[in-house]
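Accompanying notes for the structure given below.
The analysis underlying the following values was restricted to heavy atoms, covering all of them including side chains, and did not include hydrogens, waters or symmetry mates. Counting convention: from 1, in listed order, for ligands and their atoms alike.
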Amino acid sequence: MTPPTHYAVEYAINPWMDTSTPVDVRVAHAQWENLRQTYLALGHRVDLVEPVPGLPDMVYAANGGFVAHDIALVARFRFPERAGESRAYADWMSSMGYQPISTRHINEGQGDLLMVGEMVLAGYGFRTDVRAHPEISAALRMPVVSLELIDPRFYHLDTAVAVLDDRTIAYYPPAFTEAAQQQLHALFPDAIVVGSADAYVLGLNVVSDGLHVVLPSAATGFAAQLRELGFEPVGVDLSELLKGGGSVKCCTLEVFT
Ligand code: ARG
């Protein structure tokens, strides 16, 4: 996780961002700290990446890359405003003993790359370039399923899909092309389908350990669906971070060992 020390909405690169809406960095920090404490209370380890001045979106650590087993893939960002983050995340990976790999084409890390079991669901359409998908598959030595996103509100895959355990996902069908919806249905016939009210508070932007699902507290309908299936939803309020277009998962780069 990267502390929101320099967090701000100074530019608008997704429909959630409105530069005329003030952001309270103090509240953002308290909410982010509450997310960190939630992970610690659940028994997770949390490492911190050093925030860099002038990179207000660095708090969305999920976009910094993808780390699984012994492989660390560093992001290549779509927008110049975020380009400097690649260096910062690559430095962090190196400090952790990884040799960061980059892709030729744009990839926005775990924003668009979600591991389910031993496969990777990969989004494209707004940020990650579909041509990066085969590069990613080769680097990670994992099959990659390419899914096309069509609604700009759900510009990263992690706003439209939640991975709950090694074979269970939840998703919001209208975020995807017809073809991608069919792919998801074929792969995950028992997936949870969430409604618009939950999707529009970024309810799918979650981190799950297979039992506890840390999710935006406003996603009450999704929380009820999760409980029904035996998961334990843990709601957190990240309203200040939502102003930048992110929530729980966006603030978290998961390290799969
Ligand atoms: N403002 C950031 C951007 O538009 C938000 C990124 C949210 N992160 C995510 N994993 N969806 O790039």
Sub-4.0 Å atoms of ligand 1 with respect to non-hydrogen atoms of Gly245 = 7 (C)
Report the relative orientation of the aromatic rings in Phe154 and Trp16; use parallel for angles under 30°, tilted for 30 to 60°, perpendicular for over 60°.
-> perpendicular
Test: Arg131 and Asp129 ion pair at under 4.0 Å | yes
Side chain, backbone, both or neither: Arg127 near ligand 1, heavy atoms under 4.0 Å | side chain
Close side-chain approach of Phe222 to Leu204, heavy-atom, < 4.5 Å | yes
Side chains of Asp57 and Tyr11: closer than 4.5 Å at any heavy-atom pair?
-> yes
Note: heavy atom closest to atom 6 (C) of ligand 1, options Leu157, Val9, Asn63, belongs to Asn63
Atom indices of ligand 1 within 4.0 angstrom of Met17 heavy atoms, with elements | 1 (N)
State whether the side chain of Tyr7 and the backbone N or O of Gly244 hold a donor-acceptor pair below 3.5 Å, judged by distance alone.
-> yes
Run the salt-bridge test on Glu254 and Lys249 with the 4.0 Å N-O cut-off and return the result as yes or no.
-> yes
Can you tell me if Phe77 has a non-hydrogen atom under 4.0 Å from ligand 1?
-> no
Closest to atom 10 (N) of ligand 1 among protein heavy atoms sits Asp158 OD2, 2.6 Å
So which heavy atom in the protein is nearest atom 2 (C) of ligand 1, and how far is it from that ligand atom?
-> Asp57 OD2, 3.4 Å
Contact check: His156 vs ligand 1, nitrogen or oxygen atoms, below 3.5 angstrom = yes
Would you mind checking which non-hydrogen protein atom is closest to atom 9 (C) of ligand 1, with the distance to 0.1 Å?
-> Cys250 SG, 2.6 Å
Should Arg82 be counted as touching ligand 1, given the test is an N or O pair under 3.5 Å?
-> yes
Which residue and heavy atom of the protein sit nearest atom 1 (N) of ligand 1, plus the separation | Gly244 O, 2.8 Å
Return yes when Lys249 approaches ligand 1 closer than 4.0 angstrom through a heavy atom, no otherwise.
-> no
Within-cut-off N or O pair, Tyr60 and ligand 1, under 3.5 Å | no
Record the part of Phe79 in heavy-atom contact with ligand 1 below 4.0 Å; permitted values are side chain, backbone, both and neither.
-> neither
Any chance you could lay out the side-chain hydrogen bond (donor to acceptor under 3.5 Å, both in side chains) test for Ser94 and Asp91, step after step, and finish with the verdict?
-> CA-CA 5 Å; Ser94 301; Asp91 287 348; 5.3 Å; no
Stepwise side-chain hydrogen bond (donor to acceptor under 3.5 Å, both in side chains) test for Thr2 and Tyr60 | CA-CA 7 Å; Thr2 309; Tyr60 304 110; over 6 Å; no
Show which atoms of ligand 1 fall inside a sub-4.0 Å distance from at least one heavy-atom site of Gly111.
-> 10 (N)
Do any nitrogen or oxygen atoms of Ile13 come within less than 3.5 Å of a nitrogen or oxygen of ligand 1?
-> no
Are any of the side-chain heavy atoms of Arg167 and Val116 separated by less than 4.5 Å?
-> no
Give me the ring orientation class for Trp92 and Tyr98: parallel if the planes are under 30° apart, tilted from 30 to 60°, perpendicular past 60°.
-> tilted
